[in-house]
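All values below come from the heavy atoms of this structure, side chains included, with hydrogens, waters and symmetry mates left out. A, B, ... follow the sequence lines: proteins, then strands. Residue 1 opens every chain.
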Amino acid sequence: MIHEYDTAIVGGGPAGICAALAAGKNGLKTLLIEERTFLGGQLIKQTHRFFGSEEEHAGTRGIHIANDLKSELEGMSNIDVMTSTTALGYYEDGILTALHDEKMIKIKPKSLVLATGAFERFLPFENNDLPGIFGAGAVQTLMNIYGIKPADKVLMVGSGNIGLIVSYQLIQAGVQVIGVVEAASKIGGYLVHASKLRRLGVPIMTRHTIKKAIGTDKVEGALLCELDKNWQEIEGTQKQMSCDAICLAVGLTPLADILSQMGCETTFIGELGGIVPKRTADLETTKAGVFVAGDLAGIEEASAAMLEGELAGLNAVKFVTGDERVTERIHHLKEELHGLRAGPVGEKIRYGLAQLFEDSVITSKKIESHEHDITRLAHTGIPSQENIDEKLPDEKRMIKPYAVIECFQEIPCNPCVISCPFGAIYIPKEDINQSPIVDFDKCTGCTSCISGCPGLAIFVEQRNPEQRKGTVSIPFELLNRPQKGDVVELLARDGQPIGTGVVKRILYGQKQDKTAVITVETDIDLVNKVRNIQLQRTGKKEVM
Amino acid sequence: MREDDIIICRCEDVTLGTIRELIRQGYTTLEEIKRIARCGMGPCQGKTCTPLIAREIAAITGKGIHEIMKQNHRPPFGGVTFEEIVSGRDEE
Amino acid sequence: MRIREHPILEFERGKKIQFTFNGNKIEAYEGETIAAALHAAGIWHYNESDVLKRPRGLFCAIGHCSSCLMTVDGVPNTRICVTDAVEGMVVKSENRGDIK
Amino acid sequence: MKSKADIVIIGGGIIGCAVAFNLAKKGMRNIVVLEKGFLASGATGRCGAGVRQQWGTLQNCLLAKESMTILENISDYLEEKVDIELKQRGYLLLSFSEKETEQFSKNLQVQHSLNIPSRALTAEEAGEIVPILNTEKVHSAAFCPTDGHANPFLTTEAYAKAAEKRGVEICTFTQAKAIKTENGKVKGVQTDKGYIETGRILNAAGGWAYEIGEMVGLKLPVFSERHEILVTEKVPPMLDPMVMSFSYNIYCQQTPNGSFVMGHGPKNEKPGHNVNSTWQFLEAMAQKVTYLLPDIKKVRVVRQWAGSYNISPDRQPIICESEQLPGYYMAIGFSGHGFMLGPSIGVYLSELITGETPSYDVTLDLGRFARNESIAEPSVV
């Protein structure tokens, strides 16, 4: 038999689910197929809160977004979901074959949305196939889906968002990360993620690469070297590090095989991740009625994938029914996407899309860095004192609690604005890409914003010059959470110990959603230096 | 650098040394290299090796990656057993 | 090793089951893939590669690379990273020295 | 690219490369091979790779046997150490009826006259050679242990390399666009990379043979037809010889690396250049092969593709110089057997071109159809 549908969606990640919801809510008989046993794609491996705006679920952890989307799907009777189902091929008679329930089934959809996502790149170095070398996705799958510790000591290769986030997740899972290696001269991912790692004591080695994995039957270490400006090894810079696993996070490539087999035209655009489909701004490929969304359309953040999914789904609705009522929403989604990509971190994707749409105005310009004055931060993950000073109120104001937002890079994100009950945080020009600013006249130092920040980049300080003491409140989402009254070791932005302090308050309720807000009291001079704490090995409660 | 200890295609065990030698011999398309070295014909169907080989071809020949990355994708993706095909045929 | 305590996540494990890998008993929980259970048991080295006889183990964990193929209940080339463990399953490494 | 040549060969498959090598070996200089893709990118590289000597007509048996002899000694023949992955593990032909068995015994007589070591088998004996065979409906079988298969891509490459060593210019990614004639003679070939002056051209364009005929106004009696094929994942050895059935219209072999390659002849296929794959082929193939070789049912198909058979009226190749247009040679209409006949056709055609007495006494000219001398080969898939 042949299963007929108005639209079939291949891939049950964020883009595919949003496409299915958009199609289903507008009355299409919809089929969503997903290769894995579960829906959610990469979302279900994401323990961090999402960046972006409220519309893309910003401030919510990926795992929770996945659950929200799944329960929305469950309520839709006109959407059939087939998990453990692999799309096998698309044929000239419009039949999509899929492996489902140990059968090769035939599906005839009137329109198609491909949201097959991406796969991880591999890296050539000596012994790159040794057991213990894992893709970042594999590491995330093991620890975040199955709850299995991937290794004891891991070297991360790649400092894009995936490399940085997975490193942090490894530490959350109790794994030691011995360092992050990055061949470029600057950290690739969001700098707030890098700062998060640095204050946990993880070195980020820019302009370094892995030469060789050491070991016979499994990884025992890695040989690294430094690179010059031409990406060549600098003699005499080899160094060996001991580890039991090497995690590769060197980028993603769109999974375009079924798409090109279908005869949709593709093109190579490095900025979008490799071979990508040619498609319109409405995400329609060169084959009428075949749409793409998510990483397949170009590697981007999950927030963009969700918007694209809905956009593709609505365009499928328009294609099948001719219904114009979705047009307004389509227009809105395109504006949202435009907004997400408008800032400096969106430059690569803008440049890639300009090549796709042959926009010579943009492609004639070379990508330049607009990141002013954050050079040290971009190289090391640690902001300079000048950067930090800009974020502080004047000295008189410091006797009352105030928020310090150590967010220096223009990234599309605004949960801090929403989290503040006093309206004290604002983003200039209402441009989601601008860095947030604290209005110290309104800020009460209530710490609401601390656990709301996806980058864990907000701290609340207060200084008491008379007693030469002060307090600092920090976000904390690791194991071995200290208790009130504990004497803890205080760590600076580079993870180095700088003294001790006493835990005065812990907020760990529903509102914090597992990101504890811990307030420690310490010496006044350390207030602006403390960015992490850890239980002292012998640390016992202070005598109260 | 020991090119023969650098694996490009995990499925068919093809090393960087082999790929570079083929390119030097004049095989400068993915399809030719696939047919000679079998990389891309294994279980993963070229997902991991293709971008790496394209990069090598580009580095040695000076061709743009977009020119090189043209190749055919053939179904059934991920594979399907004969039994599963027959079961689908008989599905009512 | 299985993670017992995690600052963000809670793992709901299924029923405890057992299968064999190259004759050795391996414990798993229902819902875990074979690869996940092997990893938890500390088994990283799966087999030797076909031609160059290099040691191989888990790599992508999403069924895309060919690193984890094993014979499961007699079916060769099973991607153990996307195949759930089942009570009593017989899993064997593939060393294909006999093919040439 | 040369601007002048003694012959321009259109098509870089097994035929074009084998002819080029043989001509060069005979001392012809200035040979150019034009190939619009890479070598063996057309029918040669898409074929089932088998080489069988079990035919029903004497001339097919002869050409196949001579080809196999060349392939068996390919390194000596090309004067270069090459590996074409030749494996001679036999062809097992299955008969499912009295009538087919009768045909097999007639074929065997023809084969034995050329000392081809084929023999008749009972169904049980067939089952011993292929233990996974379902012999339920098998009436009898025929087996030739020296039949086998080789890697088409490596074989074509080996010929091409040997030809290049002897001065042949092989232009890949170069397409013949037009053929210039003057006063009924071939004058040259216009390619997308320039013009080559030549008095001789060879149409060895496989699936595109008709179009290369049209370039000079010839309506060649050939058409292209899609034939599909599939390959499985690698599994431990299960099947030694190539198994073939004319009544089931299928062939199936397990290659040395462990994967199965199989295909079948299509029904009601429209002539044309469509080489898209179909799901219907997968279903038809799966049904047949799981019946014949039940143990294969758990093996995964990992890739399917199609290639063009260039089909002639009697499903036999047409090898000759055009009577209307001297200097225009053709090696077309192989109807699915170009790879296995390529080596001997290379010899035969080079002799035709240089005007020598051909080594083989065969009738393959275009005129045979007008003379009602079509070849009646009974055993084709």
Side-chain angles (χ1 to χ4, degrees), chain A residues 35-38 41-42 44-48 61 63 84 86 117 119-120 122 127-152 169 171-175 215-219 244-245 248 255 476-481 513-516, chain C residues 1-14 26-68 70 73 75 78-86 93:
Chain A
E35 191 173 19
R36 302 300 305 265
T37 51
F38 43 80
Q42 300 304 308
I44 64 161
K45 302 178 189 172
Q46 308 309 335
T47 54
H48 66 284
R61 295 187 198 278
I63 36 171
S84 301
T86 310
F119 63 96
E120 289 177 278
F122 192 39
N127 297 334
N128 55 350
D129 59 337
L130 205 58
I133 297 171
F134 304 114
V139 163
Q140 275 190 312
T141 302
L142 283 173
M143 67 185 172
N144 294 347
I145 295 179
Y146 298 110
I148 288 162
K149 203 173 162 187
D152 290 326
Q169 292 176 353
I171 295 167
Q172 288 184 311
V175 178
T216 45
D217 284 346
K218 63 192 282 289
V219 170
D244 65 349
L248 301 183
L255 194 50
F476 188 93
E477 43 181 42
L478 302 175
L479 284 173
N480 299 324
R481 194 173 60 247
D513 182 24
K514 299 190 174 174
T515 305
Chain C
M1 207 168 68
R2 288 185 177 77
I3 299 167
R4 300 285 161 211
E5 220 190 328
H6 192 283
I8 308 291
L9 298 167
E10 279 151 35
F11 302 106
E12 290 163 24
R13 301 188 205 274
I26 303 289
E27 268 189 3
Y29 291 90
E30 264 177 10
E32 277 181 0
T33 59
I34 299 169
L38 289 182
H39 201 89
I43 294 166
W44 287 27
H45 178 181
Y46 289 173
N47 58 7
E48 263 70 45
S49 65
D50 279 7
V51 184
L52 300 170
K53 309 294 166 208
R54 297 170 69 89
R56 292 282 164 81
L58 185 70
F59 178 65
C60 82
I62 51 167
H64 284 168
C65 79
S66 59
S67 248
C68 73
M70 289 193 188
D73 285 340
V75 181
T78 304
R79 287 170 286 195
I80 63 155
C81 72
V82 289
T83 306
D84 282 1
V86 171
S93 288

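When heavy atoms are compared at a cutoff of 4.5 Å, Leu478(A) approaches chain C solely by way of its backbone atoms N, CA, C and O. For Arg61(A), the part lying near chain C is the side chain, with the backbone staying farther off; criterion is any non-hydrogen pair under 4.5 Å. Using a 4.5 Å cut-off between heavy atoms, Cys65(C) makes no contact with chain A at all. Heavy-atom distances place no part of Gln140(A) under 4.5 Å from chain C, backbone and side chain included.
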Could you walk me through whether Thr33(C) and Thr141(A) pass the side chain to side chain contact (heavy atoms under 4.5 Å, CB included) test, one step at a time?
-> CA-CA 10 Å; Thr33(C) 59; Thr141(A) 302; over 6 Å; no

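No other option in Leu248(A), Val219(A), Asn127(A) has as many heavy-atom pairs under 4.5 Å with chain C as Asn127(A). Heavy-atom pairs under 4.5 Å with chain A peak, among Met1(C), Glu12(C), Glu32(C), Arg4(C), at Met1(C). Taking chain C as the reference chain and counting heavy-atom pairs below 4.5 Å, the highest number among Lys218(A), Glu477(A), Gln172(A) is found for Gln172(A). Chosen from Asp513(A), Ile63(A), Asn144(A), Val139(A), the residue pairing most often with chain C at heavy-atom distances under 4.5 Å is Asn144(A).
One finds the NE2 atom of His6(C) at 7.0 Å from the CE atom of Met143(A) (value rounded to the nearest 0.5 Å). The structure places CG of Asp217(A) at 5.0 Å from NE2 of His45(C), a figure rounded to the nearest 0.5 Å. The CD atom of Glu120(A) sits 6.5 Å away from the CD1 atom of Ile62(C) when rounded to the nearest 0.5 Å.
Minimum interatomic distance between Gly57(C) and Pro131(A) (heavy atoms only, all atoms of both residues): N-CG, 3.7 Å. Minimum interatomic distance between Ile148(A) and Ala37(C) (heavy atoms only, all atoms of both residues): CD1-N, 4.5 Å. Scanning all heavy atoms of the two residues, the minimum distance from Pro7(C) to Lys514(A) falls at O-CD, 3.5 Å. When every heavy atom of Thr216(A) is checked against every heavy atom of Pro55(C), the shortest pair comes out as O-CG, 3.3 Å. The two residues Ala151(A) and Trp44(C) make their nearest non-hydrogen contact at CB-CH2, 3.7 Å.
For CD of Glu30(C), the number of neighbouring non-hydrogen atoms (other residues, nucleotides, ligands) closer than 6.0 Å is greater than 12.
Looking only at distances, a side-chain donor or acceptor of Arg13(C) sits under 3.5 Å from a matching main-chain atom of Tyr146(A). A distance-only check finds a donor-acceptor pair linking the side chain of His39(C) to the backbone of Pro150(A) [under 3.5 Å].
By the 4.5 Å heavy-atom criterion applied to side chains, His64(C) and Leu255(A) are counted as neighbours.
Listed by chain and residue number, Lys149(A) satisfy the salt bridge (Lys or Arg N to Asp or Glu O under 4.0 Å) test with Asp152(A) (two or more places apart in sequence, or in another chain).
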